[in-house]
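Chain naming here is simple, since letters A, B, ... match the order of the sequence lines and numbering starts at 1 in each. Owing to the predicted nature of the structure, the values given are computational and were not obtained by experimental measurement.
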Number of protein chains: 2
Amino acid sequence: MEFVEIPEVVILRLPVYVRALTQLTDECISVVSSQQLGAHLQISPAQIRKDLSYFGRFGKQGRGYNVGFLLRELRDILCLDRQWTACLIGVGRLGRAIINYPGFTPESFKIVSAHDHDTSQIGQMIGDLVIQPMSELAESILSKDINIGIVAVPAIHAQEVVDCLVENKVSGILNYAPIVPKVSDNIVLRNIDPVLSLQSMTFYLGKRDGREHIRRA
Amino acid sequence: MEFVEIPEVVILRLPVYVRALTQLTDECISVVSSQQLGAHLQISPAQIRKDLSYFGRFGKQGRGYNVGFLLRELRDILCLDRQWTACLIGVGRLGRAIINYPGFTPESFKIVSAHDHDTSQIGQMIGDLVIQPMSELAESILSKDINIGIVAVPAIHAQEVVDCLVENKVSGILNYAPIVPKVSDNIVLRNIDPVLSLQSMTFYLGKRDGREHIRRA
DNA sequence: AGCTGTGAAACAATTCACAGCA
DNA sequence: TGCTGTGAATTGTTTCACAGCT
(Lines give C-alpha, C1' and ligand atoms only; values in the text may rest on other atoms or scores of the structure.)
Protein backbone atom coordinates (compact mmCIF):
# COMPACT_ATOMS: atom_id res chain seq x y z
CA MET A 1 0.00 0.00 0.00
CA GLU A 2 1.71 3.12 -1.20
CA PHE A 3 0.99 6.53 -2.66
CA VAL A 4 1.19 7.22 -6.36
CA GLU A 5 1.37 10.64 -7.98
CA ILE A 6 -1.08 11.04 -10.82
CA PRO A 7 0.89 11.72 -14.00
CA GLU A 8 0.26 15.09 -15.59
CA VAL A 9 -0.44 13.49 -18.99
CA VAL A 10 -3.42 11.82 -17.38
CA ILE A 11 -4.73 15.14 -16.06
CA LEU A 12 -4.34 16.65 -19.52
CA ARG A 13 -6.56 13.95 -21.00
CA LEU A 14 -9.39 14.29 -18.49
CA PRO A 15 -10.87 17.44 -20.07
CA VAL A 16 -10.96 15.60 -23.39
CA TYR A 17 -13.02 12.88 -21.75
CA VAL A 18 -15.26 15.50 -20.20
CA ARG A 19 -15.94 17.01 -23.58
CA ALA A 20 -16.69 13.67 -25.21
CA LEU A 21 -18.99 12.64 -22.37
CA THR A 22 -20.81 15.96 -22.58
CA GLN A 23 -21.42 15.33 -26.25
CA LEU A 24 -22.69 11.82 -25.51
CA THR A 25 -25.05 13.30 -22.93
CA ASP A 26 -26.40 15.66 -25.57
CA GLU A 27 -26.97 12.66 -27.81
CA CYS A 28 -28.88 10.96 -25.00
CA ILE A 29 -26.39 8.09 -24.87
CA SER A 30 -26.29 6.92 -21.27
CA VAL A 31 -23.73 4.13 -21.27
CA VAL A 32 -20.38 3.94 -23.01
CA SER A 33 -17.55 1.40 -23.01
CA SER A 34 -13.87 2.33 -23.01
CA GLN A 35 -13.84 0.74 -26.46
CA GLN A 36 -16.46 3.13 -27.84
CA LEU A 37 -15.09 6.19 -26.11
CA GLY A 38 -11.62 5.34 -27.39
CA ALA A 39 -12.85 4.94 -30.95
CA HIS A 40 -14.44 8.37 -30.70
CA LEU A 41 -11.30 10.05 -29.37
CA GLN A 42 -8.63 7.93 -31.02
CA ILE A 43 -7.28 6.83 -27.67
CA SER A 44 -6.77 3.19 -26.73
CA PRO A 45 -9.41 1.63 -24.49
CA ALA A 46 -6.71 0.42 -22.11
CA GLN A 47 -5.43 3.94 -21.69
CA ILE A 48 -8.86 5.29 -20.86
CA ARG A 49 -9.43 2.55 -18.27
CA LYS A 50 -5.99 3.10 -16.75
CA ASP A 51 -6.47 6.87 -16.62
CA LEU A 52 -9.81 6.55 -14.87
CA SER A 53 -8.46 3.94 -12.47
CA TYR A 54 -6.22 6.57 -10.88
CA PHE A 55 -9.34 8.15 -9.44
CA GLY A 56 -11.67 5.30 -8.65
CA ARG A 57 -13.83 2.56 -10.09
CA PHE A 58 -16.44 4.24 -12.21
CA GLY A 59 -17.44 1.44 -14.56
CA LYS A 60 -19.47 -1.73 -14.42
CA GLN A 61 -17.96 -4.94 -15.73
CA GLY A 62 -19.82 -6.26 -18.72
CA ARG A 63 -21.56 -2.92 -19.29
CA GLY A 64 -19.23 0.04 -19.42
CA TYR A 65 -19.51 3.48 -17.88
CA ASN A 66 -22.65 5.43 -17.05
CA VAL A 67 -22.10 8.63 -19.02
CA GLY A 68 -23.82 11.00 -16.64
CA PHE A 69 -22.17 9.54 -13.57
CA LEU A 70 -18.69 9.51 -15.07
CA LEU A 71 -19.13 13.04 -16.36
CA ARG A 72 -20.10 14.28 -12.91
CA GLU A 73 -17.17 12.48 -11.32
CA LEU A 74 -14.66 13.90 -13.79
CA ARG A 75 -16.05 17.41 -13.49
CA ASP A 76 -15.72 17.05 -9.77
CA ILE A 77 -12.13 15.80 -10.00
CA LEU A 78 -11.23 18.72 -12.25
CA CYS A 79 -13.14 21.15 -10.02
CA LEU A 80 -15.35 22.27 -12.88
CA ASP A 81 -18.47 22.61 -10.82
CA ARG A 82 -17.59 25.99 -9.52
CA GLN A 83 -17.28 29.16 -11.56
CA TRP A 84 -13.64 30.18 -11.92
CA THR A 85 -12.86 33.83 -12.34
CA ALA A 86 -10.17 35.32 -14.52
CA CYS A 87 -8.72 38.70 -15.28
CA LEU A 88 -7.50 39.61 -18.73
CA ILE A 89 -4.37 41.67 -19.20
CA GLY A 90 -4.04 43.27 -22.60
CA VAL A 91 -7.06 44.37 -24.62
CA GLY A 92 -5.58 44.62 -28.08
CA ARG A 93 -7.05 42.56 -30.91
CA LEU A 94 -6.08 39.30 -29.26
CA GLY A 95 -7.42 40.33 -25.87
CA ARG A 96 -10.70 41.48 -27.40
CA ALA A 97 -11.11 38.17 -29.20
CA ILE A 98 -10.47 36.32 -25.94
CA ILE A 99 -12.96 38.39 -24.00
CA ASN A 100 -15.62 37.89 -26.63
CA TYR A 101 -14.91 34.17 -27.03
CA PRO A 102 -18.15 32.47 -26.07
CA GLY A 103 -16.51 29.17 -25.15
CA PHE A 104 -15.19 30.03 -21.70
CA THR A 105 -18.30 30.92 -19.72
CA PRO A 106 -20.27 27.71 -20.30
CA GLU A 107 -17.15 25.80 -19.29
CA SER A 108 -16.76 27.24 -15.80
CA PHE A 109 -14.53 30.20 -16.64
CA LYS A 110 -15.56 33.82 -16.54
CA ILE A 111 -13.47 36.87 -17.31
CA VAL A 112 -14.50 39.44 -14.73
CA SER A 113 -11.89 42.13 -15.15
CA ALA A 114 -9.90 43.61 -18.05
CA HIS A 115 -6.75 45.67 -17.70
CA ASP A 116 -4.36 47.43 -20.00
CA HIS A 117 -1.22 49.46 -19.71
CA ASP A 118 -2.31 51.83 -22.46
CA THR A 119 -3.95 54.76 -20.69
CA SER A 120 -5.83 55.86 -23.82
CA GLN A 121 -7.99 52.73 -23.63
CA ILE A 122 -8.90 53.03 -19.96
CA GLY A 123 -12.60 53.49 -19.39
CA GLN A 124 -13.63 51.98 -22.75
CA MET A 125 -16.08 49.11 -22.62
CA ILE A 126 -15.49 45.70 -24.12
CA GLY A 127 -18.39 43.35 -23.74
CA ASP A 128 -19.76 44.27 -20.35
CA LEU A 129 -16.39 45.16 -18.83
CA VAL A 130 -14.74 48.51 -18.38
CA ILE A 131 -11.06 48.57 -19.25
CA GLN A 132 -9.11 49.35 -16.10
CA PRO A 133 -5.54 50.53 -15.56
CA MET A 134 -2.85 48.14 -14.36
CA SER A 135 -2.76 50.02 -11.07
CA GLU A 136 -6.15 48.56 -10.23
CA LEU A 137 -5.15 44.97 -10.92
CA ALA A 138 -4.27 44.16 -7.30
CA GLU A 139 -7.57 45.58 -6.10
CA SER A 140 -9.56 43.65 -8.76
CA ILE A 141 -7.90 40.35 -7.94
CA LEU A 142 -8.60 40.83 -4.27
CA SER A 143 -12.15 42.18 -4.44
CA LYS A 144 -13.34 39.82 -7.18
CA ASP A 145 -11.47 36.82 -5.81
CA ILE A 146 -9.78 36.18 -9.14
CA ASN A 147 -8.03 32.82 -9.55
CA ILE A 148 -6.60 33.01 -13.04
CA GLY A 149 -4.72 35.61 -15.04
CA ILE A 150 -4.94 35.62 -18.82
CA VAL A 151 -1.98 37.30 -20.49
CA ALA A 152 -2.57 38.82 -23.92
CA VAL A 153 0.10 41.48 -24.09
CA PRO A 154 3.06 41.76 -26.48
CA ALA A 155 6.03 39.48 -25.79
CA ILE A 156 8.16 42.34 -24.45
CA HIS A 157 5.78 43.05 -21.60
CA ALA A 158 4.65 39.51 -20.90
CA GLN A 159 7.17 38.62 -18.19
CA GLU A 160 6.49 41.76 -16.17
CA VAL A 161 2.75 41.19 -16.41
CA VAL A 162 3.21 37.58 -15.32
CA ASP A 163 5.35 38.73 -12.37
CA CYS A 164 2.66 41.21 -11.43
CA LEU A 165 -0.04 38.52 -11.53
CA VAL A 166 2.08 36.23 -9.40
CA GLU A 167 2.73 38.95 -6.84
CA ASN A 168 -0.97 39.55 -6.62
CA LYS A 169 -1.57 35.90 -5.92
CA VAL A 170 -3.40 34.46 -8.88
CA SER A 171 -3.04 30.67 -8.82
CA GLY A 172 -2.98 30.00 -12.54
CA ILE A 173 -1.86 31.80 -15.67
CA LEU A 174 -3.02 31.29 -19.23
CA ASN A 175 -0.34 32.89 -21.35
CA TYR A 176 -0.95 33.85 -24.99
CA ALA A 177 2.31 35.75 -25.38
CA PRO A 178 5.04 34.05 -27.40
CA ILE A 179 7.46 33.54 -24.53
CA VAL A 180 7.97 30.88 -21.88
CA PRO A 181 7.50 32.97 -18.74
CA LYS A 182 9.29 32.13 -15.53
CA VAL A 183 6.94 31.49 -12.64
CA SER A 184 7.39 30.07 -9.17
CA ASP A 185 6.43 26.42 -9.05
CA ASN A 186 3.26 26.93 -7.05
CA ILE A 187 1.72 28.67 -10.07
CA VAL A 188 0.02 26.59 -12.76
CA LEU A 189 1.01 27.86 -16.18
CA ARG A 190 -0.50 27.04 -19.56
CA ASN A 191 0.78 28.50 -22.80
CA ILE A 192 -1.23 29.01 -25.96
CA ASP A 193 1.05 29.47 -28.91
CA PRO A 194 -0.18 28.78 -32.42
CA VAL A 195 3.16 29.76 -33.95
CA LEU A 196 4.96 26.98 -32.08
CA SER A 197 2.30 24.54 -33.29
CA LEU A 198 2.79 25.63 -36.88
CA GLN A 199 6.57 25.55 -36.64
CA SER A 200 6.59 21.94 -35.49
CA MET A 201 4.02 21.06 -38.15
CA THR A 202 6.28 22.16 -40.97
CA PHE A 203 8.94 19.67 -39.98
CA TYR A 204 6.56 17.00 -41.21
CA LEU A 205 5.25 18.95 -44.18
CA GLY A 206 8.64 19.66 -45.64
CA LYS A 207 9.81 16.11 -45.59
CA ARG A 208 7.06 14.31 -47.40
CA ASP A 209 9.05 11.46 -48.90
CA GLY A 210 9.23 9.81 -45.48
CA ARG A 211 12.97 9.26 -45.31
CA GLU A 212 14.31 12.35 -43.59
CA HIS A 213 12.56 11.52 -40.33
CA ILE A 214 15.11 8.88 -39.58
CA ARG A 215 18.77 9.16 -38.84
CA ARG A 216 21.68 6.84 -38.83
CA ALA A 217 22.51 5.92 -35.24
CA MET B 1 24.18 1.01 -37.36
CA GLU B 2 20.46 1.36 -37.44
CA PHE B 3 17.72 3.85 -38.14
CA VAL B 4 15.99 5.74 -35.36
CA GLU B 5 12.76 7.68 -35.67
CA ILE B 6 12.97 11.12 -34.17
CA PRO B 7 10.46 11.31 -31.31
CA GLU B 8 7.67 13.82 -31.79
CA VAL B 9 8.36 15.44 -28.39
CA VAL B 10 11.75 16.40 -29.73
CA ILE B 11 10.21 18.05 -32.78
CA LEU B 12 7.82 19.94 -30.54
CA ARG B 13 10.74 21.43 -28.61
CA LEU B 14 12.71 22.61 -31.62
CA PRO B 15 10.57 25.71 -32.25
CA VAL B 16 11.14 26.68 -28.62
CA TYR B 17 14.87 26.52 -29.22
CA VAL B 18 14.45 28.55 -32.40
CA ARG B 19 12.65 31.25 -30.49
CA ALA B 20 15.26 31.40 -27.73
CA LEU B 21 18.12 31.48 -30.23
CA THR B 22 16.40 34.26 -32.15
CA GLN B 23 16.21 36.27 -28.96
CA LEU B 24 19.89 35.63 -28.22
CA THR B 25 20.73 36.81 -31.72
CA ASP B 26 18.83 40.04 -31.06
CA GLU B 27 20.86 40.44 -27.89
CA CYS B 28 24.05 39.98 -29.91
CA ILE B 29 25.02 36.87 -27.97
CA SER B 30 26.91 34.63 -30.34
CA VAL B 31 27.75 31.56 -28.29
CA VAL B 32 25.58 29.66 -25.85
CA SER B 33 26.05 26.47 -23.83
CA SER B 34 23.31 23.90 -23.26
CA GLN B 35 23.58 24.93 -19.63
CA GLN B 36 22.72 28.57 -20.36
CA LEU B 37 20.05 27.78 -22.92
CA GLY B 38 18.49 25.32 -20.50
CA ALA B 39 18.45 27.85 -17.67
CA HIS B 40 16.67 30.26 -19.98
CA LEU B 41 14.03 27.74 -21.05
CA GLN B 42 13.77 25.62 -17.92
CA ILE B 43 14.86 22.53 -19.80
CA SER B 44 17.73 20.33 -18.67
CA PRO B 45 21.03 20.80 -20.49
CA ALA B 46 21.21 17.06 -21.15
CA GLN B 47 17.86 17.15 -22.88
CA ILE B 48 18.89 19.98 -25.14
CA ARG B 49 22.09 18.19 -26.11
CA LYS B 50 20.24 14.93 -26.70
CA ASP B 51 17.56 16.63 -28.79
CA LEU B 52 20.11 18.33 -30.98
CA SER B 53 22.13 15.16 -31.35
CA TYR B 54 19.29 13.59 -33.35
CA PHE B 55 20.13 15.98 -36.15
CA GLY B 56 23.89 16.40 -36.04
CA ARG B 57 26.79 17.78 -34.08
CA PHE B 58 26.29 21.49 -33.85
CA GLY B 59 28.37 22.35 -30.80
CA LYS B 60 32.02 22.70 -29.92
CA GLN B 61 33.36 20.95 -26.85
CA GLY B 62 34.51 23.38 -24.21
CA ARG B 63 32.70 26.29 -25.87
CA GLY B 64 29.05 25.58 -26.58
CA TYR B 65 26.92 26.35 -29.63
CA ASN B 66 27.31 29.16 -32.12
CA VAL B 67 23.93 30.86 -31.90
CA GLY B 68 23.66 31.98 -35.51
CA PHE B 69 24.79 28.66 -36.89
CA LEU B 70 22.51 26.58 -34.69
CA LEU B 71 19.58 28.86 -35.46
CA ARG B 72 20.11 28.45 -39.21
CA GLU B 73 20.39 24.70 -38.84
CA LEU B 74 17.20 24.41 -36.79
CA ARG B 75 15.26 26.67 -39.12
CA ASP B 76 16.43 24.50 -41.96
CA ILE B 77 15.40 21.29 -40.18
CA LEU B 78 11.95 22.74 -39.47
CA CYS B 79 11.67 24.11 -43.02
CA LEU B 80 11.17 27.64 -41.77
CA ASP B 81 13.16 29.28 -44.53
CA ARG B 82 10.32 29.21 -46.97
CA GLN B 83 7.07 31.13 -46.71
CA TRP B 84 4.19 28.77 -45.92
CA THR B 85 0.74 29.69 -47.09
CA ALA B 86 -2.50 29.14 -45.24
CA CYS B 87 -6.19 29.60 -45.80
CA LEU B 88 -8.52 30.61 -43.01
CA ILE B 89 -11.99 29.10 -42.75
CA GLY B 90 -14.39 31.06 -40.59
CA VAL B 91 -14.19 34.83 -40.25
CA GLY B 92 -16.15 35.37 -37.07
CA ARG B 93 -14.51 37.11 -34.14
CA LEU B 94 -11.97 34.36 -33.69
CA GLY B 95 -11.12 34.21 -37.39
CA ARG B 96 -10.72 37.97 -37.55
CA ALA B 97 -8.36 37.93 -34.59
CA ILE B 98 -6.33 35.19 -36.27
CA ILE B 99 -6.08 37.01 -39.56
CA ASN B 100 -4.99 40.20 -37.85
CA TYR B 101 -2.52 38.46 -35.55
CA PRO B 102 0.84 39.95 -36.45
CA GLY B 103 2.85 36.97 -35.20
CA PHE B 104 2.41 34.60 -38.13
CA THR B 105 3.92 36.48 -41.03
CA PRO B 106 7.38 37.13 -39.58
CA GLU B 107 7.50 33.46 -38.65
CA SER B 108 7.13 32.01 -42.14
CA PHE B 109 3.35 31.74 -42.24
CA LYS B 110 1.03 33.85 -44.33
CA ILE B 111 -2.73 33.68 -44.56
CA VAL B 112 -3.52 34.24 -48.22
CA SER B 113 -7.17 33.33 -48.42
CA ALA B 114 -10.23 33.68 -46.16
CA HIS B 115 -13.47 31.78 -46.56
CA ASP B 116 -16.79 31.61 -44.82
CA HIS B 117 -20.01 29.71 -45.14
CA ASP B 118 -22.09 32.76 -44.30
CA THR B 119 -23.05 34.33 -47.63
CA SER B 120 -23.78 37.71 -46.05
CA GLN B 121 -20.09 38.20 -45.31
CA ILE B 122 -18.80 37.29 -48.77
CA GLY B 123 -17.04 40.16 -50.49
CA GLN B 124 -16.21 42.02 -47.27
CA MET B 125 -12.58 42.82 -46.68
CA ILE B 126 -10.59 41.81 -43.64
CA GLY B 127 -7.06 43.08 -43.61
CA ASP B 128 -6.10 42.89 -47.28
CA LEU B 129 -8.20 39.82 -48.04
CA VAL B 130 -11.64 39.51 -49.57
CA ILE B 131 -13.90 37.00 -47.83
CA GLN B 132 -14.70 34.26 -50.31
CA PRO B 133 -17.40 31.59 -50.31
CA MET B 134 -16.60 27.99 -49.45
CA SER B 135 -17.24 27.05 -53.05
CA GLU B 136 -14.03 28.81 -54.02
CA LEU B 137 -11.90 27.01 -51.46
CA ALA B 138 -10.72 24.28 -53.84
CA GLU B 139 -9.74 26.88 -56.44
CA SER B 140 -7.88 29.00 -53.85
CA ILE B 141 -5.90 26.08 -52.50
CA LEU B 142 -4.88 25.07 -55.99
CA SER B 143 -4.10 28.48 -57.45
CA LYS B 144 -2.35 29.85 -54.37
CA ASP B 145 -0.58 26.60 -53.57
CA ILE B 146 -1.91 26.58 -50.02
CA ASN B 147 -0.28 24.13 -47.59
CA ILE B 148 -2.16 24.73 -44.37
CA GLY B 149 -5.80 25.15 -43.43
CA ILE B 150 -6.75 27.12 -40.33
CA VAL B 151 -10.14 26.17 -38.92
CA ALA B 152 -11.98 28.85 -36.94
CA VAL B 153 -15.60 27.78 -37.34
CA PRO B 154 -18.07 26.66 -34.64
CA ALA B 155 -17.64 23.12 -33.31
CA ILE B 156 -20.70 21.85 -35.19
CA HIS B 157 -19.19 22.67 -38.58
CA ALA B 158 -15.58 21.91 -37.79
CA GLN B 159 -15.46 18.28 -38.93
CA GLU B 160 -17.04 19.04 -42.31
CA VAL B 161 -14.64 21.92 -42.87
CA VAL B 162 -11.71 19.69 -41.93
CA ASP B 163 -12.95 17.02 -44.35
CA CYS B 164 -13.23 19.62 -47.07
CA LEU B 165 -9.66 20.84 -46.46
CA VAL B 166 -8.37 17.28 -46.55
CA GLU B 167 -10.19 16.55 -49.81
CA ASN B 168 -8.61 19.62 -51.30
CA LYS B 169 -5.18 18.42 -50.31
CA VAL B 170 -3.88 20.74 -47.67
CA SER B 171 -1.03 19.01 -45.80
CA GLY B 172 -1.57 20.48 -42.37
CA ILE B 173 -4.48 21.75 -40.31
CA LEU B 174 -4.44 24.18 -37.40
CA ASN B 175 -7.74 23.64 -35.63
CA TYR B 176 -9.19 26.21 -33.24
CA ALA B 177 -12.57 24.50 -32.91
CA PRO B 178 -13.23 22.66 -29.65
CA ILE B 179 -13.32 19.16 -31.14
CA VAL B 180 -10.73 16.51 -31.94
CA PRO B 181 -11.29 16.18 -35.68
CA LYS B 182 -10.70 12.91 -37.48
CA VAL B 183 -8.13 13.18 -40.24
CA SER B 184 -6.26 10.65 -42.36
CA ASP B 185 -2.81 10.00 -40.98
CA ASN B 186 -0.94 11.76 -43.76
CA ILE B 187 -2.34 15.07 -42.49
CA VAL B 188 -0.53 16.93 -39.73
CA LEU B 189 -3.02 18.24 -37.21
CA ARG B 190 -2.49 20.73 -34.41
CA ASN B 191 -5.24 21.80 -32.03
CA ILE B 192 -5.44 25.10 -30.21
CA ASP B 193 -7.84 24.83 -27.32
CA PRO B 194 -7.60 27.23 -24.40
CA VAL B 195 -10.59 25.65 -22.65
CA LEU B 196 -8.82 22.29 -22.38
CA SER B 197 -5.79 24.09 -20.98
CA LEU B 198 -7.89 25.81 -18.34
CA GLN B 199 -9.79 22.66 -17.45
CA SER B 200 -6.61 20.77 -16.70
CA MET B 201 -5.25 23.75 -14.78
CA THR B 202 -8.14 23.72 -12.32
CA PHE B 203 -7.30 20.21 -11.21
CA TYR B 204 -4.22 21.69 -9.58
CA LEU B 205 -5.89 24.87 -8.39
CA GLY B 206 -8.69 23.13 -6.58
CA LYS B 207 -6.49 20.89 -4.54
CA ARG B 208 -4.06 23.25 -2.98
CA ASP B 209 -3.26 21.31 0.17
CA GLY B 210 -1.11 18.93 -1.81
CA ARG B 211 -2.63 15.67 -0.63
CA GLU B 212 -5.34 14.91 -3.14
CA HIS B 213 -2.86 14.40 -5.95
CA ILE B 214 -1.92 11.04 -4.61
CA ARG B 215 -3.94 7.90 -4.30
CA ARG B 216 -3.69 4.75 -2.33
CA ALA B 217 -2.35 2.02 -4.59
C1' DA C 1 -20.45 -13.01 -23.32
C1' DG C 2 -18.80 -8.56 -22.45
C1' DC C 3 -16.45 -5.34 -20.11
C1' DT C 4 -13.75 -3.26 -16.18
C1' DG C 5 -9.68 -2.74 -13.31
C1' DT C 6 -5.01 -3.67 -12.78
C1' DG C 7 -0.46 -5.95 -12.12
C1' DA C 8 3.18 -7.07 -15.30
C1' DA C 9 5.54 -6.36 -19.62
C1' DA C 10 6.89 -3.49 -23.17
C1' DC C 11 8.08 0.69 -24.83
C1' DA C 12 9.43 5.66 -24.65
C1' DA C 13 11.63 9.72 -22.72
C1' DT C 14 14.76 11.77 -19.66
C1' DT C 15 18.74 12.01 -16.93
C1' DC C 16 23.23 10.39 -15.67
C1' DA C 17 27.92 10.17 -16.15
C1' DC C 18 31.89 10.20 -18.57
C1' DA C 19 35.13 9.82 -22.75
C1' DG C 20 37.05 12.94 -25.64
C1' DC C 21 37.93 17.29 -27.74
C1' DA C 22 39.08 22.59 -27.71
C1' DT D 1 39.06 23.42 -17.43
C1' DG D 2 34.64 23.46 -19.73
C1' DC D 3 31.71 21.74 -22.63
C1' DT D 4 29.66 18.44 -26.17
C1' DG D 5 27.85 14.03 -27.64
C1' DT D 6 26.22 9.72 -26.32
C1' DG D 7 25.75 4.90 -24.41
C1' DA D 8 23.76 3.20 -20.11
C1' DA D 9 20.68 3.72 -16.29
C1' DT D 10 16.65 5.50 -14.70
C1' DT D 11 12.24 7.12 -14.78
C1' DG D 12 7.74 7.60 -16.96
C1' DT D 13 3.95 6.01 -20.05
C1' DT D 14 1.37 2.84 -22.69
C1' DT D 15 -0.12 -1.58 -23.84
C1' DC D 16 -1.01 -6.35 -22.74
C1' DA D 17 -3.52 -9.91 -20.87
C1' DC D 18 -6.39 -11.82 -17.70
C1' DA D 19 -8.97 -12.43 -13.12
C1' DG D 20 -13.27 -11.27 -11.70
C1' DC D 21 -17.77 -9.14 -11.80
C1' DT D 22 -22.59 -8.52 -14.12
Sequence neighbours left out, cut at 3.5 Å: what donor-acceptor pairs do the side chains of residues 94-106 of chain A make with other protein atoms?
| from | atom 1 | to | atom 2 | distance (Å) |
| --- | --- | --- | --- | --- |
| R96(A) | NE | V91(A) | O | 2.8 |
| R96(A) | NH2 | Q121(A) | OE1 | 2.8 |
| R96(A) | NH2 | Q124(A) | OE1 | 3.1 |
| N100(A) | ND2 | R96(A) | O | 2.9 |

Requested in this report: Identify, with sequence neighbours excluded, every residue that meets side-chain hydrogen bond (donor to acceptor under 3.5 Å, both in side chains) alongside D51(A).
Outcome: R13(A), Y17(A)

Query raised in the report: Quick one: side-chain hydrogen bond (donor to acceptor under 3.5 Å, both in side chains) partners of S34(A), sequence neighbours excluded?
Result: R49(A)

**Report entry** F58(A) CZ to dT4(C) C1', straight-line distance once rounded to whole Å
**Finding:** 13 Å

Query raised in the report: In whole Å, what is the span from the CZ atom of F69(A) to the C1' atom of dT4(C)?
Result: 14 Å

Report task. Using a cut-off of 6.0 Å, state whether more than 12 heavy atoms not belonging to R93(B) lie near its atom CZ. Result -> no

Check nucleotides 20-22 of chain D for protein N or O atoms closer than 3.5 Å to its own N or O atoms and list the pairs.
| from | atom 1 | to | atom 2 | distance (Å) |
| --- | --- | --- | --- | --- |
| dG20(D) | N2 | Q61(A) | NE2 | 3.3 |
| dC21(D) | O4' | Q61(A) | OE1 | 3.3 |
| dC21(D) | O4' | Q61(A) | NE2 | 3.3 |
| dT22(D) | O4' | Q61(A) | O | 3.1 |

Query raised in the report: So with a 6.0 Å cut-off around NZ of K144(A), is the heavy-atom count from everything else above 12?
Result: yes

Query raised in the report: Are any of Y65(B)'s side-chain N or O atoms less than 4.0 Å away from OP1 or OP2 of dG2(D)?
Result: no

Query raised in the report: Of the nucleotides dT4(D), dT4(C), dG7(D), which one has an atom closest to the side chain of S33(A)?
Result: dT4(C)

Query - Side-chain N or O of S44(B) closer than 4.0 Å to phosphate OP1/OP2 of dT15(C) - result: yes

Query raised in the report: Between dA13(C) atom C1' and I6(B) atom CD1, what is the distance in whole Å?
Result: 15 Å

Query - Separation of atom CD in Q35(B) from atom P in dT1(D), rounded to whole Å - result: 17 Å

Requested in this report: Would you indicate whether Q35(B), at its atom CD, is surrounded by more than 12 heavy atoms from other residues, nucleotides or ligands within a distance under 6.0 Å?
Outcome: no

Requested in this report: Indicate yes or no: at least one non-hydrogen side-chain atom of P15(B) is less than 4.5 angstrom from one of E107(B).
Outcome: no

Query raised in the report: Should the heavy atoms of other residues, nucleotides or ligands under 6.0 Å from CG of D185(A) be counted, would the total exceed 12?
Result: no

Requested in this report: Measure the distance from CZ on R49(A) to P on dT14(D) and round it to the nearest whole Å.
Outcome: 15 Å

Query - Between dT14(C) (P) and K50(B) (NZ): distance, integer Å - result: 11 Å

Give each protein N/O atom lying under 3.5 Å from an N/O atom of nucleotides 10-13 of chain D, with the pair distance.
none

Using atom types as modelled, flag every donor-acceptor pair under 3.5 Å from a side chain in residues 152-166 of chain B to any protein atom, sequence neighbours excluded.
| from | atom 1 | to | atom 2 | distance (Å) |
| --- | --- | --- | --- | --- |
| Q159(B) | OE1 | K182(B) | N | 3.0 |
| Q159(B) | NE2 | D163(B) | OD1 | 2.8 |
| Q159(B) | NE2 | K182(B) | O | 3.1 |

Query raised in the report: Nearest-Å distance, OH (Y54(B)) to P (dT4(D))?
Result: 18 Å

Query raised in the report: How do D51(B) and Q36(B) order along DNA chain D: which one's closest nucleotide is nearer the 5' end?
Result: Q36(B)

Query - Value in whole Å for how far the P atom of dC16(D) lies from CD1 of I48(A) - result: 14 Å

Report task. Look at the side chain of R57(A) and the base of dG5(C), then say whether one donor and one acceptor between them are separated by less than 3.5 Å. Result -> no

Query raised in the report: With respect to the phosphate group of dT4(C), does any side-chain polar atom (N or O) of S34(A) fall under 4.0 Å of OP1 or OP2?
Result: yes

